[in-house]
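Quick note: residue numbers are just sequence positions, from 1.
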Amino acid sequence: MFVLAISSPPTTLIRLSKSNGPNRSPVRKILCVNQQRQSKTGTGKSWILPTSLSLFGSGFVLGPLLDGLHSRVDLVVYQNGAFQIGPLHTNIWVPFLLGVFYCTVGLLQLLLDDKTSTKPPRGNLDKTVISLLALVLFLELSAEMYKAGVSDNIEAYILFALAEFLWFSLDRTWLGFTIASLLGIACPLAEIPIMQFFHLWYYPEANIEIFGQGLVTWTTTCYFVYTPFLINLARWLKTVAETTNVNITK
């Protein structure tokens with residue numbers, strides 16, 4: 001706002017004039033835009049590192065405990081690096097391998113969420129706990145049927161049907177079904193070079209042989225049911241990381 005004064009002998013006219021808009025310099029506008037972009041970039045991907053570490057830590061600690069449900073009935077027997085803690089039979093490399101497994105699958109799902117959805121789904125603790133309990137019961141059932149000597153074909157039919165039911169109950173998305181199916185095929189195949197070259201474990205009652213290594217066919221269902229739990233776990237850990245970051249920035 002400025003004052004325009006016109007003086008004349010008889011009278012003095014004072015006129016108030018207003019500018020059309022806020023007087024903001026171009027430099028200030030550029031600085032504001034840059035700050036907004038940096039803020040969005042900083043908060044947009046700040047969840048990756050804490051979520052990755054949390055996923056790896058979960059696989060490192062929780063993974064061998066779940067794997068122990070199968071090793072206690074000798075479905076899988078560990079060789080090089082094997083050790084035992086109470087009833088838990090495992091291998092020194094299993095925590096690291098399962099940590100990488102949790103981290104890889106979890107981050108893959110989160111990146112797919114960002115790419116395929118304008119508003120990625122947020123995780124919650126209740127759904128994560130339910131999917132974990134479903135996984136534990138599924139692994140325990142498969143171990144008990146193996147221990148009881150149930151035929152491989154019958155066990156496979158039961159577990160495949162139950163795996164489909166759990167997917168429908170816990171996930172019910174075609175993207176989740178696709179990822180679970182790919183993991184169910186890829187993960188048993190990934191065990192082959194580990195068994196062949198490093199001799200970390202083997203399946204004493206294998207019912208199929210691929211590249212000279214024995215596998216159990218129905219273990220594909222275990223990886224399939226693992227997927228909804230890892231998806232829910234990753235989404236929940238991401239939500240926690242984002243919430244923590246917002247609270248810190250405030």
Side-chain angles (χ1 to χ4, degrees), residues 58-99 101-102 105 130-171 177 179-196 198-230 233:
S58 299
F60 190 93
V61 176
L62 183 61
L65 298 178
L66 295 176
D67 184 69
L69 296 175
H70 280 168
S71 62
R72 69 177 179 81
V73 297
D74 292 330
L75 171 67
V76 56
V77 176
Y78 291 106
Q79 296 174 285
N80 294 341
F83 68 94
Q84 182 173 347
I85 302 177
L88 176 63
H89 299 265
T90 187
N91 186 288
I92 192 172
W93 292 106
V94 167
F96 297 96
L97 292 172
L98 289 175
F101 172 62
Y102 276 48
V105 177
I130 291 173
S131 58
L132 173 59
L133 292 176
L135 174 61
V136 171
L137 293 176
F138 185 89
L139 295 177
E140 180 66 20
L141 175 63
S142 65
E144 289 300 324
M145 286 195 294
Y146 176 83
K147 183 180 178 180
V150 177
S151 171
D152 291 330
N153 291 335
I154 295 176
E155 183 167 2
Y157 291 142
I158 295 174
L159 294 179
F160 271 101
L162 183 58
E164 299 291 333
F165 172 77
L166 290 176
W167 164 79
F168 185 81
S169 302
L170 299 174
D171 186 82
F177 182 86
I179 295 176
S181 300
L182 291 176
L183 288 179
I185 297 172
C187 289
L189 294 178
E191 294 185 34
I192 293 176
I194 297 176
M195 293 188 293
Q196 187 170 6
F198 301 102
H199 307 289
L200 298 185
W201 64 76
Y202 71 97
Y203 293 94
E205 298 293 335
N207 58 5
I208 186 174
E209 186 173 303
I210 302 177
F211 300 122
Q213 296 298 315
L215 297 172
V216 178
T217 53
W218 53 259
T219 56
T220 58
T221 62
C222 300
Y223 288 108
F224 186 96
V225 177
Y226 230 121
T227 307
F229 165 63
L230 292 180
L233 176 65

I'd like to check [X] versus [Y] (side-chain heavy atoms, cut-off strictly below 4.5 Å). Are they in contact?
X    : Y    : answer
N91  : L97  : no
F177 : D171 : no
W201 : D67  : no
L215 : M195 : yes
F160 : T220 : yes
W93  : I194 : no
F224 : F138 : no
C187 : F101 : yes

With rounding to the nearest 0.5 Å, note down the distance linking [atom1] in [X] to [atom2] in [Y].
X    : Y    : atom1 : atom2 : result
L159 : T217 : CG    : OG1   : 9.5 Å
I158 : N153 : CD1   : CG    : 11.0 Å
F229 : T227 : CZ    : OG1   : 11.5 Å
S142 : L69  : OG    : CG    : 8.0 Å
D74  : H89  : CG    : NE2   : 7.0 Å
L183 : C222 : CG    : SG    : 13.0 Å

I92 atom CD1: more than 12 heavy-atom contacts under 6.0 Å: no
F83, CZ: over 12 other non-hydrogen atoms inside 6.0 angstrom: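 Enclosed: over 12 neighbouring heavy atoms sit under 6.0 Å from CZ of F83.
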Donor-acceptor pair between E191 and Y203 side chains, under 3.5 angstrom: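 Per modelled atom types, E191 and Y203 side chains form a pair under 3.5 Å.
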Criterion side chain to side chain contact (heavy atoms under 4.5 Å, CB included) on Y226 and L66, from CA distance to verdict: CA-CA 10 Å; Y226 230 121; L66 295 176; 3.3 Å; yes
Derivation of the side chain to side chain contact (heavy atoms under 4.5 Å, CB included) call for T90 and S71: CA-CA 7 Å; T90 187; S71 62; 5.9 Å; no
Criterion side chain to side chain contact (heavy atoms under 4.5 Å, CB included) against P204, the qualifying member of V77, V76, L75: V77
N-O pairing of K147 and E140 below 4.0 Å: no
Nearest heavy atoms of P64 and L98, plus distance in Å: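 Shortest heavy-atom separation between P64 and L98 comes out as N-CD1, 3.5 Å.
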Steps toward side chain to side chain contact (heavy atoms under 4.5 Å, CB included) verdict (V216, E205): CA-CA 7 Å; V216 178; E205 298 293 335; 5.8 Å; no
Test item: E209 side-chain N/O and F211 main-chain N/O as donor-acceptor pair under 3.5 Å: no
